[in-house]
Protein chains: 2
Amino acid sequence: MLKLTKKVDYALLALNLMAKSGEDGISNVRDIASLYSIPPEILAKVMQKLSKAGLIQSHNAPKGGYSLKVQAEEISVLKVLTAVEGPVGIVSCSDGTDRTCQQHDQCDIRSPLERLQNNILWFLEALSIRELGQEPAVLKGVTDGSSVFGQPLHHKG
Amino acid sequence: MLKLTKKVDYALLALNLMAKSGEDGISNVRDIASLYSIPPEILAKVMQKLSKAGLIQSHNAPKGGYSLKVQAEEISVLKVLTAVEGPVGIVSCSDGTDRTCQQHDQCDIRSPLERLQNNILWFLEALSIRELGQEPAVLKGVTDGSSVFGQPLHHKG
DNA sequence: TTATCACAGACCAAAATGATCTGCGATAAT
DNA sequence: ATTATCGCAGATCATTTTGGTCTGTGATAA
Ligand code: SF4
Ligand code: SF4
């Protein structure tokens, strides 16, 4: 439930690597895929989407590859999510124009859920790929909510 | 991406209804399903899970149904999520015991992602089904992050 | 006794996701 | 000019997840 897709994981790994290798370091798909044991073809597709979204710059040539197009601080996790998987939404209803949800007319929980969604999106926007490679102490703009829980929360998958 | 499942939606709708009908108002599956146009069989299953999780009380008899087992303020969205769909996790890797993720050993983004996850879980825990039926102004404990975005964010479903 | 409710699990269909395969186009090195 | 190396694009397939259906059992108040 609420799990990030594998493609997003791949994207974050790749971007984090590129962020560490400097602003204009060039990495190619094969190398990244090999390093992280990612199927090259699928990573290639992911990178293409990141490129289309304007997050990275492609260099289509031998010894080419990809480099960051904007600073690592400017690339939020939300932007990566949106680039790779499309618009992010907690609630499965659409906006006012088309209402495919069978419960839409009777629904009385939409407003608070959208509010919750905005909060989550805010967090996703606040976390940049620059901060992915840094230690917890360096994180800024995101409050640590782990104290609410007795111990680190884990998950299956 | 990051969408709640339909079953969770059903659960939230039902719980919100029950919360509004008072602490010991009894609602049965057929009525709720009819009101919200939910397939009765699937709602039945959802309610059973909520019952097993101790969130609601079943009354197995004619004129029976379900009633809240604990106060509406005590039932967080996170508890509903967990009851209906199992453990919630942003990252798809598991804890240290079993590592099915092929990238686990090389992964250097786990820690910040788990932190992000905890933040999201905190929000889900902070929102109770009591607040689902209330207007935005009444919401407490959850900051409104919508100001970050120019206009309400929508999504496809 | 019986109608009404919850309980349980098998079962199936559709959609989302992960992954593979094939061919094309750009370009720098030779 | 040729060629090897890279990205670009799409169709296609397998697996998993999800949503939904079907059938039958058990509890209990009227
Ligand atoms: S039930 Fe309400 S919140 Fe959920 S998808 Fe439908 S309209 Fe949106
Ligand atoms: S890539 Fe890292 S964060 Fe993602 S699932 Fe694997 S171990 Fe977890």
Side-chain angles (χ1 to χ4, degrees), chain A residues 1-11 13-14 18 26-34 36-53 55-67 69 81 84-89 92 100-103 155-157, chain B residues 1-11 13-14 18 26-34 36-53 55-67 69 81 84-89 92 100-103 155-157:
Chain A
M1 183 83 262
L2 283 185
K3 225 180 307 184
L4 297 183
T5 66
K6 219 67 178 120
K7 290 179 189 175
V8 169
D9 238 0
Y10 297 157
L13 285 169
M18 295 170 72
I26 293 188
S27 318
N28 69 61
V29 167
R30 209 188 30 172
D31 290 348
I32 304 177
S34 161
Y36 290 112
S37 308
I38 301 173
E41 302 93 342
I42 209 170
L43 178 61
K45 286 206 183 315
V46 169
M47 299 298 273
Q48 285 166 30
K49 289 192 173 180
L50 294 177
S51 176
K52 277 191 175 179
L55 302 181
I56 60 179
Q57 177 67 248
S58 80
H59 304 274
N60 192 356
K63 291 282 182 182
Y66 293 98
S67 60
K69 195 169 185 179
L81 276 182
V84 175
E85 299 287 355
V88 179
S92 55
T100 59
C101 171
Q102 203 74 11
Q103 288 75 41
H155 40 274
K156 289 291 176 185
Chain B
M1 184 82 262
L2 283 185
K3 226 179 307 183
L4 298 183
T5 65
K6 219 65 177 125
K7 289 180 189 173
V8 170
D9 237 1
Y10 296 157
L13 284 170
M18 295 171 72
I26 293 187
S27 319
N28 70 62
V29 167
R30 208 188 31 172
D31 289 350
I32 304 178
S34 161
Y36 289 113
S37 309
I38 301 173
E41 303 91 342
I42 208 170
L43 178 60
K45 285 205 184 316
V46 169
M47 299 298 274
Q48 285 165 29
K49 288 193 174 180
L50 294 178
S51 176
K52 277 191 175 179
L55 302 181
I56 59 179
Q57 177 67 248
S58 79
H59 304 276
N60 191 356
K63 290 282 180 182
Y66 292 98
S67 60
K69 195 169 185 177
L81 277 181
V84 175
E85 299 287 354
V88 180
S92 55
T100 59
C101 172
Q102 204 73 12
Q103 289 75 41
H155 41 273
K156 289 292 177 183

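Taking only side-chain nitrogens and oxygens, Y10(B) comes nearer than 4.0 Å to OP1 or OP2 of dG20(D). Applying the 4.0 Å criterion to OP1 and OP2 of dT17(D), one finds that T5(B) has every side-chain N and O outside that range. Taking side-chain N and O atoms only, R30(B) has a distance below 4.0 Å to OP1 or OP2 of dC5(C).
Checked against dA27(D), dA9(D), dG20(D), the side chain of P39(B) finds its nearest nucleotide in dG20(D). The N60(A) side chain lies nearest to dA26(C) when the options are dT28(D), dA26(C), dA8(C). Taking only side-chain atoms of S51(A), from C-beta outward, the nucleotide of dG18(C), dT20(C), dC8(D) with the closest atom is dC8(D). If you check dC8(D), dG20(D), dC6(D) against the side chain of N28(A), the one that comes closest is dC6(D). With dA27(D), dA9(D), dA6(C) as the candidates, the nucleotide lying closest to the side chain of P62(B) is dA27(D).
Atoms CD (Q102(B)) and C1' (dT17(C)) sit 17 Å apart, rounded to a whole Å. Spacing between atom CG of L43(B) and atom C1' of dC7(C) amounts to 14 Å, rounded to whole angstrom units. Between K45(B) atom NZ and dT17(D) atom C1' there is a gap of 17 Å when expressed in whole angstrom units. The distance between atom NZ of K6(A) and atom P of dT16(D), rounded to the nearest whole Å, is 14 Å. In this structure, CD of Q48(A) is placed 7 Å from C1' of dG7(D), rounded to the nearest angstrom.
Residue-to-nucleotide proximity on DNA chain C shows that, of E41(B) and P40(A), the 5′-proximal contact is made by E41(B).
Formation of a donor-acceptor pair under 3.5 Å by the Q103(B) side chain with backbone atoms of Y36(A) is found in this model.
Residue contacts shown for K52(B) are limited to sugar-phosphate atoms, with no base heavy atom under 4.0 Å away.
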